[in-house]
Visitor: 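Shown below is the structure under consideration.
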2 protein chains.
Amino acid sequence: MMALDEIDHALLRALGQDATQSAGALGREMGLSQPATWRRIRRLQEAGIITGRKLELDAGKLGFGVTVFLGIKLATKGRVSLEDFERAVSAIPEVQTVEHILGMYDYRLRVTARDIADFERVLRRRVMTLPGVGSVDANVLLSEERRPGPLG
Amino acid sequence: MMALDEIDHALLRALGQDATQSAGALGREMGLSQPATWRRIRRLQEAGIITGRKLELDAGKLGFGVTVFLGIKLATKGRVSLEDFERAVSAIPEVQTVEHILGMYDYRLRVTARDIADFERVLRRRVMTLPGVGSVDANVLLSEERRPGPLG
DNA sequence: CTTGAAAGGAGCTTGGT
DNA sequence: ACCAAGCTCCTTTCAAG
């Protein structure tokens, strides 16, 4: 396990908010030279702490106005059943996230669709026909706030 | 609403997977010059379609081994109650995501903690004491897969 | 083992065509 | 849209704390 000092945490916090900031600008704000800052960032990547940089997209502006969270209980939960379910769910393009969880549900899916009619199509033709599905609960996303969290 | 052609979608798809790719490399793969590619990306940002670039972190390697999803029902759901709840929940550092939803639950929280004992502390001292909370359901994250989704 | 300065190379950003 | 030029930033090398 890699030891992180305060500067590393500050870097993670700053880059977590906006990953476009340059190593030079970040270093200047915390009294560090550009190469030193850049090396710390590379070290965090090599340690597997930073796993990637991804875009944040506005789904609404891309014509996907509906996001629904599905809580799924499987009818049969053998090992084969889980694998079958996961393979089949990975083939649904509208599924953005697959979370295998422990509790009232077995899986939680984040599904995005153009509108409610589009969502109904995905639900009926794709989700309800997944292998091993027992029950499906739905929640429609109204708004979402992402916070920095304790990481960093 | 901005019109996107196939190249824009290809760019969003490629950058969605790995936002570190250079405009030059992306353009080369789809037969476009570096400035042309870069201008398309900037256009997508100015249109608000690309809202930011953020780091993906490995919570486990940062010492946060437990992620739990909480489904919360409010006891009283007036307008004031929602605002009180949202303000209070935003002050909990362990909450990474606050989703206001419509369905069986009113809110969904993504909470990260160092271990189960740490999570119990957050749940008892922070979550259960939130204003207006009626009931709390929990699901522990076992594994998570993020997929490109239909965006792009 | 981490730092800073310098230098080379890659990529961004702009202006002209 | 492309090209070219100037500029920023990344990345390596080297010497020093």
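Below, each value reflects all heavy atoms present in this structure, side chains not excepted, and no hydrogens, waters or symmetry copies. Chain letters run A, B, ... following the sequence lines, proteins first and then strands; every chain starts at 1.
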Visitor: Show, in sequence, the C-alpha distance, side-chain angles and deciding distance for B/L70 and B/Y105, and conclude whether the side chain to side chain contact (heavy atoms under 4.5 Å, CB included) test is met.
Guide: CA-CA 10 Å; B/L70 299 180; B/Y105 299 109; over 6 Å; no

Visitor: Can you find a pair of side-chain heavy atoms, one from B/L4 and one from B/L44, that are under 4.5 Å apart?
Guide: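 Touching, per the 4.5 Å side-chain cut-off.
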
Visitor: Counting only non-hydrogen atoms, which of residues 30-46 of chain A are less than 4.0 Å from DNA chain D?
Guide: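 Heavy-atom cutoff 4.0 Å gives A/Q34, A/P35, A/W38, A/R39, A/R42.
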
Visitor: Tell me, which of residues 16-24 of chain A have any heavy atom that sits under 4.0 Å from an atom in DNA chain D?
Guide: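 Those residues are A/S22, A/A23, A/G24.
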
Visitor: Other residues, nucleotides and ligands only: do more than 12 of their heavy atoms fall within 6.0 Å of CD on A/E6?
Guide: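 No, not enclosed.
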
Visitor: Separation of A/D5 atom CG from C/dC1 atom P, in whole Å?
Guide: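 It works out to 16 Å between those atoms.
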
Visitor: Hydrogens and angles aside, do A/E145 and B/T97 bring a side-chain donor and acceptor to less than 3.5 Å of each other?
Guide: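 Absent: no donor and acceptor within the cut-off.
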
Visitor: Going by atom types alone, do A/Q96 and A/R110 pair a side-chain donor with an acceptor below 3.5 Å?
Guide: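 There is such a pair (donor and acceptor under 3.5 Å, judged by atom type) between the side chains of A/Q96 and A/R110.
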
Visitor: Would you indicate whether the side-chain heavy atoms of A/L130 and A/F85 approach each other to under 4.5 Å?
Guide: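 Contact flag for A/F85/A/L130 side chains = yes.
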
Visitor: Side chains of A/Q45 and A/R40: any donor to acceptor distance under 3.5 Å?
Guide: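 Side-chain D/A pair, A/R40 to A/Q45: absent.
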
Visitor: Within a strict 4.5 Å, meaning less than it, do heavy atoms of the B/V111 and B/V66 side chains meet?
Guide: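 They are not in side-chain contact.
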
